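Below is one structure, written out as structure tokens; the observations come after it.
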Amino acid sequence: MRVKERTALLLGPLLATTIPLFCYEWLRSAHTADVSIHSPSGHFYIVSIIAALATLFAVAVGITGYRLRNIKIEFLALAYLSLAELFILHGLSTPGLLIHASTLPGIASQLSILLAVGWLCLSAAPTDLPLVRWLARRRRFLMPVWGSVLALICVLAFLMPDAVESLHINQHPYKWVAAALTCAGCLWTMFHYRQSYLAAGFPVQRAIVYSTGLLIASQYIMITGEAWMLSWWLYHVLVLASMVIMLNGLARQYFSQGSFSTSLKVLFKSDPRAWLEACITPSVRALIMATEVRDAYTAGHNMRVALYALRLAEEMGRSSEELRAIAQGGVVHDVGKIKVPDAVLNKPGKLSPEERNMIERHPVWGYDMCKRLGFFADELSIIRSHHEKWDGTGYPDRLAGERIPVLARITAVADVYDALTSSRSYRNAMSHEDAMAIILEGNGTHFDPACVEAWTRLASSDSRFLLETAASDRTLRLVPNDAERTSIVS
């Protein structure tokens with residue numbers, strides 16, 4: 001990424017955070033401009049409507065993250081669901097409207113930002129972090145359980161506002177402690193998403209940097225502002241803007257199928273092969289193209305390996321979730337090759353020991369890259385372990401037997417078959433029969449015997465699928481347009 005873009009991503013969020021604060025301080029100092037707008041009913045309707053809409057959007061994003069198998073998107077949904085639900089409580093507890101004046105509105109607004117930032121921090125963490133892995137294994141229940149628990153807490157707080165006052169989170173010195181934690185979490189999140197954006201350049205990463213910066217400005221105004229003044233209303237606008245920016249980033253990255261409704265429909269395709277072909281997100285597309293631009297001989301290889309592996313996994317009776325993991329992990333299994341120098345990657349002759357060692361590092365590089373992009377453990381296991389061998393002589397971790405993740409064992413057969421039946425810089429493509437002979441020769445040494453047995457059955461019962469997929473180089477290759485090619489090269 002160019003120096004100009006790096007500078008823009010530093011100055012842009014800084015200005016987005018500081019300009020609202022300058023406006024706020026100017027309003028506070030200009031007494032004639034900072035007028036009082038005491039409108040409890042207006043506050044109630046504005047806050048409640050915004051929060052209700054944000055809740056619906058958060059649920060939709062959560063479902064999208066679940067279907068895309070991306071825990072970071074699910075954490076983002078939980079962040080804004082937390083903010084939205086507590087903002088509903090903030091609106092309902094408007095002083096003098098439905099209940100008597102209390103500290104509940106201030107407590108609700110402070111907690112909304114604090115909890116949202118907590119989930120944002122988790123979304124920025126690598127997916128192999130123990131806490132993230134633990135939550136990912138329970139992701140089916142995250143949205144309904146968290147949303148229900150938070151809703152119950154909000155109801156109880158609304159019914160018993162006096163009991164909530166014991167939290168003191170909006171009073172000295174606790175509000176400053178909460179504000180410090182919130183700002184520290186925001187800065188940590190911004191730093192990690194900025195680093196991720198500089199490495200991958202995905203729209204949602206950039207959006208989160210800006211969105212989180214607005215939360216910092218909101219937090220400052222929240223604890224220093226005087227209720228009902230024009231300057232105080234500004235933080236409500238900033239919270240809304242934060243949501244809009246994040247949702248825009250999500251839409252640009254994950255809804256690439258034309259219309260919003262069409263994009264949602266492809267997420268719910270039951271056939272993993274149709275899902276693979278119809279729902280490659282821009283982020284995954286960028287990774288595939290970046291790999292294939294570097295290595296022209298692997299054009300279409302990623303997609304073919306994913307399709308072979310999907311069909312083999314179906315033959316072995318793997319679950320639908322595992323099929324989706326193979327689809328997602330299979331198409332980016334070689335993404336670590338982005339870091340291998342061209343001279344090594346496309347060398348026609350024999351590799352030196354140093355060059356071989358560099359090639360053998362690409363699964364680890366791909367793993368490190370994808371764990372920061374929200375890939376789950378199953379997908380990561382494919383990326384890291386598809387070059388392991390049944391007898392323990394593979395790389396990068398020298399795993400053997402059933403210590404090799406099963407989805408990686410399946411992908412290994414598909415990867416080798418496609419490599420053998422495709423032309424490379426150092427040899428021509430082999431025939432189907434010659435490739436099958438090599439796979440059978442590796443039974444019990446290179447490959448899991450159960451995978452080889454299933455692959456042999458597949459080759460016998462559905463040889464047409466193998467031949468058609470092997471011949472599909474042009475139709476399966478993702479060709480970048482000029483803008484995408486420029487982004488990849490930079």
Side-chain angles (χ1 to χ4, degrees), residues 272 298 301-302 304-319 321-323 325-334 336-337 350-351 353 356-357 359-364 366-367 377-424 426-467 469-470:
T298 64
H301 170 72
N302 298 291
R304 289 194 303 272
V305 168
L307 288 172
Y308 286 138
L310 274 172
R311 188 66 185 86
L312 177 56
E314 287 176 326
E315 180 71 26
M316 297 178 68
R318 307 309 302 188
S319 70
E321 280 297 296
E322 289 175 313
L323 294 179
I326 282 180
Q328 188 88 321
V331 293
V332 295
H333 70 285
D334 274 340
K337 287 183 177 180
K350 184 178 180 180
L351 297 176
R356 168 57 58 183
N357 181 65
I359 287 288
E360 292 186 359
R361 292 294 297 167
H362 84 264
V364 176
Y367 173 90
D378 284 341
E379 287 90 334
L380 292 175
S381 72
I382 292 170
I383 295 166
R384 187 180 183 105
S385 302
H386 67 278
H387 282 297
E388 299 290 355
K389 294 184 179 181
W390 188 254
D391 62 4
T393 61
Y395 62 87
D397 301 310
R398 300 297 188 264
L399 301 179
E402 294 189 357
R403 290 184 60 200
I404 305 170
V406 63
L407 301 188
R409 286 180 252 155
I410 291 171
T411 305
V413 175
D415 185 39
V416 170
Y417 177 82
D418 186 70
L420 294 173
T421 55
S422 303
S423 294
R424 291 290 185 267
Y426 47 87
R427 61 161 175 78
N428 294 324
M430 292 185 182
S431 67
H432 165 73
E433 291 74 19
D434 289 341
M436 286 299 300
I438 290 178
I439 287 176
L440 290 172
E441 185 181 339
N443 186 15
T445 54
H446 189 154
F447 307 111
D448 177 356
C451 294
V452 174
E453 181 183 350
W455 184 257
T456 304
R457 289 198 309 269
L458 179 62
S460 176
S461 63
D462 199 0
S463 58
R464 181 178 178 181
F465 164 77
L466 297 183
L467 294 174
T469 303

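Predicted model, so just to flag it, every value in this text is computed and none were measured.
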**Heavy-atom closest pair, residues Thr445 and Glu441** = OG1-O, 4.0 Å
**Request:** Go through the steps to decide whether Ile410 and Glu322 satisfy the test side-chain contact (heavy atoms from CB on, under 4.5 Å), and finish with yes or no.
**Result:** CA-CA 11 Å; Ile410 291 171; Glu322 289 175 313; over 6 Å; no
**Request:** Any chance you could measure Ile438, atom CD1, to Leu420, atom CG, to the nearest 0.5 Å?
**Result:** 4.5 Å
**Residues His301 and His333: side-chain donor-acceptor under 3.5 angstrom** = yes
**Message:** Regarding Thr421 and Arg304, do their side chains bring together a donor and an acceptor under 3.5 Å, going by distance alone?
**Reply:** no
**Fill in**
Contacts of Glu379 meeting salt bridge (Lys or Arg N to Asp or Glu O under 4.0 Å) (sequence neighbours excluded), chain-then-number -> Arg69
**Message:** Please determine whether side-chain contact (heavy atoms from CB on, under 4.5 Å) holds for the pair His432 and Tyr417, giving the CA-CA distance in whole Å, both sets of side-chain angles, and the decisive distance to 0.1 Å.
**Reply:** CA-CA 8 Å; His432 165 73; Tyr417 177 82; 2.7 Å; yes
**Asked** Considering all heavy atoms of both residues, which atom of Gly330 and which atom of Ile382 are nearest to each other, and what is their separation?
**Response** N-CG2, 4.3 Å
**Request:** Find out whether Val406 and Arg318 are in side-chain contact, i.e. whether some heavy atom of one side chain is under 4.5 Å from a heavy atom of the other.
**Result:** yes
**Prompt:** Can you name the closest pair of heavy atoms from Val331 and Ala306 and give their distance?
**Reply:** CG1-CB, 3.5 Å
**Backbone of Leu407 reached by a side-chain donor or acceptor of Thr411 within 3.5 Å** = yes
**Request:** Identify the heavy atoms of Phe447 and Ala412 that sit nearest to each other, and give their distance.
**Result:** CE2-O, 3.8 Å
**Message:** Is the shortest side-chain heavy-atom distance between Arg403 and Arg398 below 4.5 Å?
**Reply:** no
**Fill in**
Rounding to 0.5 Å, atoms CZ (Arg311) and CG (Leu307) come to a distance of 11.5 Å
**Item:** Gap between atom CE of Met316 and atom CG of Asp448 - 0.5 Å precision
**Value:** 6.0 Å
**Request:** Could you please spell out the steps behind the side-chain contact (heavy atoms from CB on, under 4.5 Å) verdict for His362 and Tyr367?
**Result:** CA-CA 8 Å; His362 84 264; Tyr367 173 90; over 6 Å; no
**Prompt:** Less than 4.5 Å apart, any side-chain heavy atom of Leu466 and any of Trp455?
**Reply:** yes
**Prompt:** What's the verdict on side-chain contact (heavy atoms from CB on, under 4.5 Å) for Gln328 and Asp378, showing C-alpha distance, side-chain angles and the deciding distance?
**Reply:** CA-CA 9 Å; Gln328 188 88 321; Asp378 284 341; over 6 Å; no
**Request:** Working to the nearest 0.5 Å, report the span between CD of Glu315 and OG1 of Thr456.
**Result:** 10.0 Å
**Request:** Compare every heavy atom of Pro363 with every heavy atom of His387, then report the nearest pair and how far apart it is.
**Result:** CD2-CG, 4.1 Å
**Message:** Looking at every heavy atom in both Ala408 and Ser381, which two are closest together, and how far apart are they?
**Reply:** CB-O, 3.6 Å
**Asked** Under 6.0 Å from the CD atom of Glu402, do we count more than 12 heavy atoms belonging to anything else shown?
**Response** no
**Prompt:** Hey, are the side chains of Met430 and Ser422 touching, using non-hydrogen atoms and a 4.5 Å cut-off?
**Reply:** no
**Item:** Atom pair CD/CD1 of Glu388 and Ile404 - distance to nearest 0.5 Å
**Value:** 5.5 Å
**Item:** Met436 side chain near Glu433 side chain, heavy-atom distance below 4.5 Å
**Value:** no
**Asked** Is the shortest heavy-atom distance from the side chain of Leu399 to the side chain of Pro405 under 4.5 Å?
**Response** yes
